[in-house]
Amino acid sequence: MGGGARPPSAKVRPLPFTVATWNINSVRLRLPIVAQLLESERPDVLCLQETKCRDAEFPVSAIRKLGYEHVEISGQKGYHGVAILSRWRLDAATRRGFCAKGDARHICARFADGPAKDVTLHNFYVPAGGDEPDPVVNEKFAHKLAFVDEMRDWFAADGVANQRAILVGDLNIAPLEHDVWSHKQLLKVVSHTPVEVEKFVAARAAGPWFDAMRKFVPEEEKLYTWWSYRAADWRASDRGRRLDHVWTSMDLAPAAASLRVLKDARGWDRPSDHVPVLTTFDF
DNA sequence: ATGGTGGTCCTACCA
């Protein structure tokens with residue numbers, strides 16, 4: 001420190017790199033607003049969830065025409081489905097089937113070049129879990145809990161978050177008090193029950209993963225990424241939840257440089273009930 | 001107040 005000679009500055013300015021995630025609730029129906037996002041924000045990569053179509057039905061050529069040449073998809077008919085749309089070359093993607101169900105809920109790819117070269121990106125769509133927060137009577141809630149347990153075990157065993165990794169997606173759990181509009185009123189509502197939150201925190205700690213969104217918004221401030229379709233006026237009532245997340249491996253926590261939650265997208269034409277979350281990294 | 005809306009794909013099921 002102090003008077004020593006500086007090393008030759010190989011890198012004067014960090015290279016910004018923006019990762020976007022969005023539960024699109026049908027990529028075919030909402031291709032116009034996907035294009036709107038890609039054209040207006042130009043993220044380096046966009047992870048989609050709930051694409052709701054088979055791979056052969058995914059609008060790959062339209063996406064490529066928008067400058068996102070590298071497209072990796074994991075789809076199924078009518079339900080679920082995840083995709084990675086990238087301006088940068090990707091190594092071959094991998095897909096993990098959770099709970100031995102064959103649902104298309106995870107895809108993973110590694111950047112082959114660019115500012116994020118060798119960074120691994122995981123894109124998740126965690127089961128919503130139905131309405132009744134009791135795994136004994138509600139098989140969908142039992143599935144959700146088992147899915148998050150399996151995430152935890154995988155992260156712990158395989159060092160998924162050891163280094164240079166980012167995890168995004170619709171995790172369908174709002175863990176913090178101010179990740180929901182009313183902590184008290186949602187304690188028995190699936191997405192904010194104590195049993196889910198406990199498993200969510202255990203899975204994150206198993207990485208260990210860093211909650212990159214809360215680096216930018218203090219835990220005492222409300223932060224939402226989803227507003228129900230059922231509200232008469234979603235903006236006025238503002239009964240949101242933070243269901244979408246951005247996690248990084250611990251070594252990348254300092255690289256996370258800014259966050260934007262595009263709340264206005266909830267008011268776009270034929271909107272998804274989720275909005276895009278954009279995280280910029282300085283690599 | 002115990003619904004409300006919006007997807008897929010045709011009859012319910014899922015979010």
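Quick note: numbers below take in every heavy atom, side chains included, and nothing from hydrogens, waters or symmetry partners. Chain naming here is simple, since letters A, B, ... match the order of the sequence lines and numbering starts at 1 in each.
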Judged by modelled atom types alone, do A:Ser86 and A:Glu72 share a side-chain donor-acceptor pair under 3.5 Å? no

Is the distance between the ring centroids of A:Phe200 and A:Trp247 less than 6.0 Å? yes

Reading nucleotides 7-15 of chain B from 5' to 3' and marking B where a protein heavy atom lies under 4.0 Å of the base, S where only the sugar-phosphate is that close, and - otherwise, the string is SSS----SB

Any side-chain to backbone donor/acceptor pair from A:Arg30 onto A:Pro271? Under 3.5 Å, distance only. yes

Under a 3.5 Å threshold, yes or no: a donor from one side chain and an acceptor from the other, between A:Thr120 and A:Arg110? no

Whole-Å distance, A:Arg239 CZ to B:dA1 P, equals 14 Å

For nucleotides B:dA1 and B:dA15, find the distance between their P atoms and express it as a whole number of Å. 30 Å

With P as the reference atom in both, quote the distance from B:dC10 to B:dG4 in angstrom, rounded to an integer. 25 Å

Do A:Tyr224 and A:Asp244 meet the criterion of a side-chain donor-acceptor pair at a distance under 3.5 Å? no

Please, what dot-bracket string fits DNA chain B when only Watson-Crick and G-U pairs with both distances under 3.5 Å count, crossing ones use [ ] and pairs to another strand use |? ....((((...))))

Expressed as a whole number of Å, how far does the C1' atom of B:dC14 sit from that of B:dC9? 12 Å

Do the rings of A:His80 and A:Tyr125 sit parallel, tilted or perpendicular, given the 30° and 60° boundaries? tilted

Quick one: does any side-chain atom of A:Asp149 pair with a main-chain N or O of A:Ala146 as donor and acceptor, under 3.5 Å? no

Gap between atoms CH2 and C1', on A:Trp226 and B:dT5 respectively (whole Å): 11 Å

Polar contact flag, side-chain donor to acceptor under 3.5 angstrom, A:Asn172-A:Lys144: no

